[in-house]
There are 2 protein chains.
Amino acid sequence: MATTAKKTSRTATREKRRQQLIDATMKCIARKGMGSTTLGDVAGEAGLSQGIVNLHFESKDNLLNETLRYLADEYKTQFSHAYEKSGPGAADKLHALMKLDLSPSVLDRRKVAVWFAFWGEVKSRPIYRDICEKSDEYYDEIVRSLCSQLIAEGDYKNITALAISTALASMTNGMWLSCLISPKLFDRQNAMIAVDEYLHSIFPEHFPL
Amino acid sequence: MATTAKKTSRTATREKRRQQLIDATMKCIARKGMGSTTLGDVAGEAGLSQGIVNLHFESKDNLLNETLRYLADEYKTQFSHAYEKSGPGAADKLHALMKLDLSPSVLDRRKVAVWFAFWGEVKSRPIYRDICEKSDEYYDEIVRSLCSQLIAEGDYKNITALAISTALASMTNGMWLSCLISPKLFDRQNAMIAVDEYLHSIFPEHFPL
DNA sequence: ATAATATGAATGAATACTCATTCATTTTTA
DNA sequence: TAAAAATGAATGAGTATTCATTCATATTAT
């Protein structure tokens, strides 16, 4: 088992090939839309042959499911990383998570387009809903718990962690939509200012100007 | 020969048929998704025959464009109506508009699914983007101007109308997504509370608890 | 080490199927 | 009766899927 320092492009490990096809799928969905992305497009984008997707994923439906799972996992990884790396206080963590949602690596128009392509089919494809819902639950729970912590720490009245986490999560998702629809008009900095103003007005002690 | 009223009657019939087909299209998109809605489905939903869509809309693309235009128009009508009917102050108007976005007639899961289906194709279909962007511009401008008015009236420091209108619009759009993905978990009342808490914390003078 | 064999990844032409569109015909309206 | 509207079978373009074959690499035999 010597002499394999260099892999030719002809064969790759199963995992590598699958990832390559998932990447190609996301590119195609961003460019052509979910409806008009064909298996031929995906194979072409990956520089491979017609039948390759069925070889590795069995069916188009399965490829799309796996692509959404990948998207969700990728986000979860970034989210967890931002959570761990930030701190030490709850305010710092919350701010880091909001910043992540508006950072170029997450809020990239091509990637957002892929998320929306899947969301657009959520109602008719329960499996997409399941994947997204599980992802959201994880996210919401952590944000809500950070809000609870801040409420407990500060002397905040008349606010509930649930309402605030709902507002925060909704806000960033809504900003993704603005980026998708009005890329020219959308301004990352203004979006971050909107979030900061919100945090300041809700938790003035933790988020001074 | 001297019958001028007949032409109106024919036109009305034609409009009715078109509207019937647009309604059927929205139902199909909500149920089956945009990708798997066929012209046969639409015709069937409307209780008409195979070729009927091409007769009235010339092409499937055109049918979808018109459907999105209808959605946008319908929303604009409700928005304008809520704006006119409410008042007299800017705070009342703003609150009425936010309430509209979370009201059952707008925030209905089937309707939201149709919006998301179109948003999912925005990146790859510039015409959808154009329609949505125009609609958003109108909405944003009015909300921003209401925020400006409140800022001028009150003694609010360190906030900008642009950031607040961005946050408000994003928030409701993000809540639509929650309703789509987690219909069981989503709570209209909690959503309204989140908006009210936000308005109170930003404009305490105008939105007391 | 070299040759022979086995493995399974990759190909791409062929197949089976879906669906938008057309159009000859029928039905309805004025 | 003439014009408009609607029908639904036929068409044909496009596409997911299959599969016999090719090819690169790994394994085994000599």
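Convention: sequence-line order gives letters A, B, ...; per-chain numbering from 1.
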Peer 1: Not counting sequence neighbours, which residues clear salt bridge (charged side-chain N to carboxylate O under 4.0 Å, His left out) with A:K111? List them please.
Peer 2: A:E74
Peer 1: Please identify each residue that fulfils salt bridge (charged side-chain N to carboxylate O under 4.0 Å, His left out) with B:E197, with sequence neighbours left out.
Peer 2: none
Peer 1: Could you tell me whether the phosphate oxygens of D:dA5, OP1 or OP2, come under 4.0 Å of any side-chain nitrogen or oxygen in B:R17?
Peer 2: no
Peer 1: Under the rule for side-chain contact (heavy atoms from CB on, under 4.5 Å), what residues qualify as partners of B:S145, not counting sequence neighbours?
Peer 2: none
Peer 1: Without placing hydrogens or testing angles, list every side-chain donor-acceptor pair under 3.5 Å for residues 43-52 of chain B, not counting sequence neighbours.
Peer 2:
residue	atom	partner	partner atom	Å
B:E45	OE1	B:R31	NH1	3.4
B:E45	OE1	B:R31	NH2	2.9

Peer 1: Restricting both atoms to N or O, compile the protein contacts to nucleotides 12-17 of chain C shorter than 3.5 Å, with distance only.
Peer 2:
residue	atom	partner	partner atom	Å
C:dG12	N7	A:G51	N	3.4

Peer 1: Can you pull out every salt bridge (charged side-chain N to carboxylate O under 4.0 Å, His left out) where at least one residue sits in residues 170-183 of chain A? Sequence neighbours excluded, please.
Peer 2: none
Peer 1: Could I get the full list of salt bridge (charged side-chain N to carboxylate O under 4.0 Å, His left out) partners for B:D61, not counting sequence neighbours?
Peer 2: B:R125
Peer 1: Strictly below 4.0 Å, heavy-atom distances to any atom of DNA chain C: list the hits from residues 27-38 of chain B, or just say none.
Peer 2: B:T37, B:T38
Peer 1: Under the salt bridge (charged side-chain N to carboxylate O under 4.0 Å, His left out) rule, collect the residues that match up with B:R188, sequence neighbours excluded.
Peer 2: none
Peer 1: Going by ring pair (Phe, Tyr, Trp, His ring centres under 6.0 Å), name the residues that satisfy it together with A:F203, two or more places apart in sequence or in a different chain.
Peer 2: A:Y156
Peer 1: Short of 4.0 Å, heavy atom to strand atom, which residues of residues 118-125 of chain A count as contacting DNA chain C?
Peer 2: none
Peer 1: Rounding to 10°, can you tell me the angle the first-five-pair axis of the helix from C:dA1-D:dT30 to C:dA30-D:dT1 makes with its last-five-pair axis?
Peer 2: 10°
